[in-house]
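Beneath this line is the structure, given in structure tokens, with notes to follow.
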Amino acid sequence: MYQQGGTIKKVLDNIASNKYVLPAIQREFVWSPEQICKLFDSVMQGYPFGEFLFWRIQPERSADYRYYGFVREYHQRDNPHCPDLGPLPNQEIIAVLDGQQRMTAFNIGLRGSMSVKRPYKWWNSPDAFPLRVLALDLLAKDERDEEGNLYSFDFVDIDKIGQLGERLWFRVSDILDMEPGPDMHEWLLDKDLEKQNQIHAHRILDCLYRMIHMEPTVAYYEENNPNIEHVLSIFIRRNSGGTTLSYSDLLLSIATSQWSSNLDARKEVHQLVDDLNRIGPGLDLTKDFVLKAGLMLTDIASVGFQVRNFTRSNMAILEKNWQRIRDALVETSQLVTGFGFDANSIRAASALLPIAYYLYQIGTPRDFDHHSRYEDDRNAIRGWLIRSVLKASGIWGSGLDTLLTALREVLRDARNEHFPAAEMRRLMAQRGKSLEFSEEEVEDLADMGLNDRRIFALLAMLSPFIDFQHHHFHIDHIFPKSRFTPKRLQEAGIDENQIDILIGCANRIGNLQLLDGAINLEKQATLPADWIEAQFPTEEKRRHYRDLYLLGEIPRDLAGFLDFYEARQKRLQARISELVNSV
């Protein structure tokens, strides 16, 4: 039965008092700042924003389930998850089955803040996640943008609020404590606005007040059936048609509702994802990866994301083995980041699952990533992983679930012996996922450009002598990139017809190598022959360095660059062919 739920202000009051809560089957908050702004614009324009679906739970049944609150002070890194409210026994509960994203958007915009990572900032940088609040520009013109938005909402730094300039930002949450009329006049009076702008701003403020405090825009449908299976069916039916709700969200919801009270699947999975992505540079792993890993590692019949795999008995298996799953995934991340990989160079996280399964089978030794007795296994894993990453055709695309299931059988047969890289390659070849490289593929690898996501993996394979665990390595231009401008090449005496050729070669693998980050910063724009002479005092050490990186003879200046580049490219091609097609 559909009912009127009153105003947005009333919704916020019910959230604040925990009258409205989130059941364990709900997903996390996933909306972007832009989506929140669009919702508030819709409210201001009087557009309907959809009814909510509530589940009313009677006091005698409220202790049977797990509940969460709504995010308010959202921080993408430090506070992205819904707060656990703990047990709520002997009280009537209204759980939100549909409408969480909209309610949380109202809660953040009207009561909280949003801290989202700034582009090009490291995840662990102290200034990567600036605190911003939802604001409304009171001077914006009455003109619709290309998406039909009429009002100018944005998340801004707090120090921009109330500062008069081309814009006048009003903190949206301040409208909760305002009264119409005098309060608005007083706020605007301090801004010394021209009369026309003051009238325009007051009209916008008055509209915001009415839509939050007065207009009964909220409607909802209420479900009273206490059976969790019935409610779960409604939830899946209601949500599975949307494009922003991933299937793994639904499956995690099912897992959460079926785990015992000892562990909270939702909390455990999200915490593990956060912990994994804090290892090394981070691999940008997701809950999809963790859920699929759980299915694979515990030998559940199929690793597919299907509701039939998330039965109560299978979820009991996951819960029982959760610590072992966690240990294997943590060790896998430590191992792979120790190889030098990061989120950019691991194009498909599924490539990590066979590694995790192998570690799980052998009991996940704590020192696997560094002890000498596991060196042969590490080398086999590293070679297999690099080959699978280098394949341009894409190993981890179509037919993924059947491939993982088949690889699991090979790994299971080889447990406690060795990582069966050769056997896995044979099986993959039988399934059209060959890790063998044709002559043309090798040629392409030997001509790879800096913008190719596989470049780090290829350079790492060519540099097995590098210690990624204790040093941070950069992709270094052997001949400095800054030298490859038309002006500098002309000054170096390069023929006009060769300038574009040299510029095209500068960012290709023939002119690239991996170099310790600190050393690379010192090297800067020094020509390689001069830098090697300064770095290594004897000819023997210089020759050793040149041999390691397949450099050959290095010219003193750019006049000999093309000869150097072509000769090194041939050496790289021969070494790549040897490495990728070795047994």
Side-chain angles (χ1 to χ4, degrees), residues 336 339-342 344-348 350-351 354-355 378-398 403 407 419-466 468 473 475-479 501-515 545-554 561-583:
V336 172
F339 292 154
F341 286 100
D342 59 16
N344 289 322
S345 50
I346 292 291
R347 296 184 297 163
S350 297
I355 302 172
R378 289 198 300 271
N379 288 337
I381 290 172
R382 182 174 180 269
W384 175 84
L385 178 61
I386 287 176
R387 287 183 178 94
S388 73
V389 169
L390 290 179
K391 268 291 180 177
S393 56
I395 296 296
W396 308 104
S398 60
L403 175 62
L407 288 173
F419 184 79
E423 294 92 330
M424 292 167 66
R425 288 173 64 184
R426 282 194 289 270
L427 179 138
M428 294 171 76
Q430 292 169 4
R431 293 175 172 269
K433 305 279 187 179
S434 175
L435 293 184
E436 299 297 319
F437 290 75
S438 67
E439 185 177 342
E440 291 77 12
E441 287 178 301
V442 172
E443 289 178 0
D444 287 341
L445 291 176
D447 192 41
M448 187 181 292
L450 182 61
N451 61 346
D452 194 308
R453 290 185 62 181
R454 301 171 295 162
I455 188 69
F456 190 94
L458 181 55
L459 290 171
M461 184 182 70
L462 291 164
S463 311
F465 47 84
I466 282 178
F468 289 104
F473 283 80
I475 297 178
D476 168 62
H477 291 78
I478 299 167
F479 279 78
I501 298 174
L502 265 69
I503 291 174
C505 293
N507 284 328
R508 309 202 79 77
I509 195 169
N511 189 42
L512 301 175
Q513 64 182 359
L514 293 181
L515 199 62
Y545 179 83
R546 292 196 299 267
D547 290 344
L548 278 179
Y549 286 97
L550 305 176
L551 298 177
E553 294 301 318
I554 303 176
F561 174 77
L562 274 184
D563 290 337
F564 160 81
Y565 180 89
E566 291 170 359
R568 184 170 188 254
Q569 190 176 41
K570 289 179 181 178
R571 286 190 291 272
L572 288 172
Q573 187 170 326
R575 179 64 60 83
I576 291 169
S577 179
E578 174 188 335
L579 290 171
V580 297
N581 289 324
S582 60
V583 177

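What you are looking at is a predicted structure, and each value in this text was computed from that prediction instead of being measured.
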*Full working for side chain to side chain contact (heavy atoms under 4.5 Å, CB included) between Arg378 and Phe419*: CA-CA 8 Å; Arg378 289 198 300 271; Phe419 184 79; over 6 Å; no

*Gln513 and Leu550: side chain to side chain contact (heavy atoms under 4.5 Å, CB included), yes or no, with the steps?*
CA-CA 10 Å; Gln513 64 182 359; Leu550 305 176; over 6 Å; no

*Might you work through the side chain to side chain contact (heavy atoms under 4.5 Å, CB included) test for Leu390 and Met461, ending with a clear yes or no?*
CA-CA 10 Å; Leu390 290 179; Met461 184 182 70; 4.0 Å; yes

*Given the rule in the side chain to side chain contact (heavy atoms under 4.5 Å, CB included) test, do Leu512 and Met448 qualify, once you have shown the distances and angles that lead to the verdict?*
CA-CA 10 Å; Leu512 301 175; Met448 187 181 292; over 6 Å; no

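The CD1 atom of Ile395 sits 12.0 Å away from atom OG of Ser350, with the distance rounded to the nearest 0.5 Å. Within the model, atoms CG of Leu435 and CE of Met424 stand 8.5 Å from one another, a figure rounded to the nearest 0.5 Å. From Asn511, atom CG reaches atom CD1 of Ile475 across 12.0 Å, with rounding to the nearest 0.5 Å. Atom CG in Leu407 sits 11.0 Å away from atom CD1 in Ile355 (nearest 0.5 Å). The line from CG of Leu458 to CG of Leu572 is 8.0 Å long, rounded to the nearest 0.5 Å. Once rounded to the nearest 0.5 Å, the distance linking CD1 of Ile478 with CD1 of Ile554 reads 7.5 Å.
Residue pairs meeting the salt bridge (Lys or Arg N to Asp or Glu O under 4.0 Å) criterion with at least one partner in residues 573-582, sequence neighbours excluded, do not occur; the list is empty.
Remark: the backbone N or O of Gln573 is not paired with any side-chain donor or acceptor of Glu443 at under 3.5 angstrom. Checked by atom type and distance alone, the side chain of Asn581 pairs as donor or acceptor with a backbone atom of Phe437 at under 3.5 Å. Judged by distance alone, the side chain of Arg382 and the main-chain N or O of Ala460 form a donor-acceptor pair under 3.5 Å.
At a threshold of 4.5 Å between non-hydrogen side-chain atoms, the residues Leu403 and Leu427 count as touching. Lys391 places a side-chain heavy atom less than 4.5 Å from the side chain of Glu441.
With sequence neighbours left out, the salt bridge (Lys or Arg N to Asp or Glu O under 4.0 Å) criterion links Arg571 to no other residue. Not counting sequence neighbours, the partners of Tyr549 by the ring pair (Phe, Tyr, Trp, His ring centres under 6.0 Å) test are Phe465, Tyr545. Applying the side-chain contact (heavy atoms from CB on, under 4.5 Å) criterion to Asp342, with sequence neighbours excluded, gives Pro281, Asn344, Ser345. Looking at residues two or more places apart in sequence or on another chain, you find a side-chain contact (heavy atoms from CB on, under 4.5 Å) between Glu423 and Val410, His418, Pro420, Arg426. Not counting sequence neighbours, the partners of Glu436 by the side-chain hydrogen bond (donor to acceptor under 3.5 Å, both in side chains) test are Arg425.
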Could you list the donor-acceptor pairs under 3.5 angstrom formed by side chains in residues 502-510, with sequence neighbours left out?
from, atom 1, to, atom 2, distance (Å)
Asn507, OD1, His477, NE2, 2.6
Arg508, NE, Asp447, O, 2.8
Arg508, NE, Asp447, OD1, 3.2
Arg508, NH2, Asp447, O, 2.7

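The shortest heavy-atom contact between Ala457 and Val389 is CB-CG1, 3.9 Å. In this structure, Phe564 and Leu551 approach most closely via the heavy-atom pair CE1-O, 3.2 Å. The two residues Gly340 and Phe456 have their closest heavy-atom pair at O-CE2, 2.7 Å. What you find for Leu385 and Ala351 is that their closest heavy atoms are CD1-CB, 3.9 Å.
In this structure, Phe561 and Phe479 have perpendicular ring planes: the angle between them is above 60°, well past the 30° mark.
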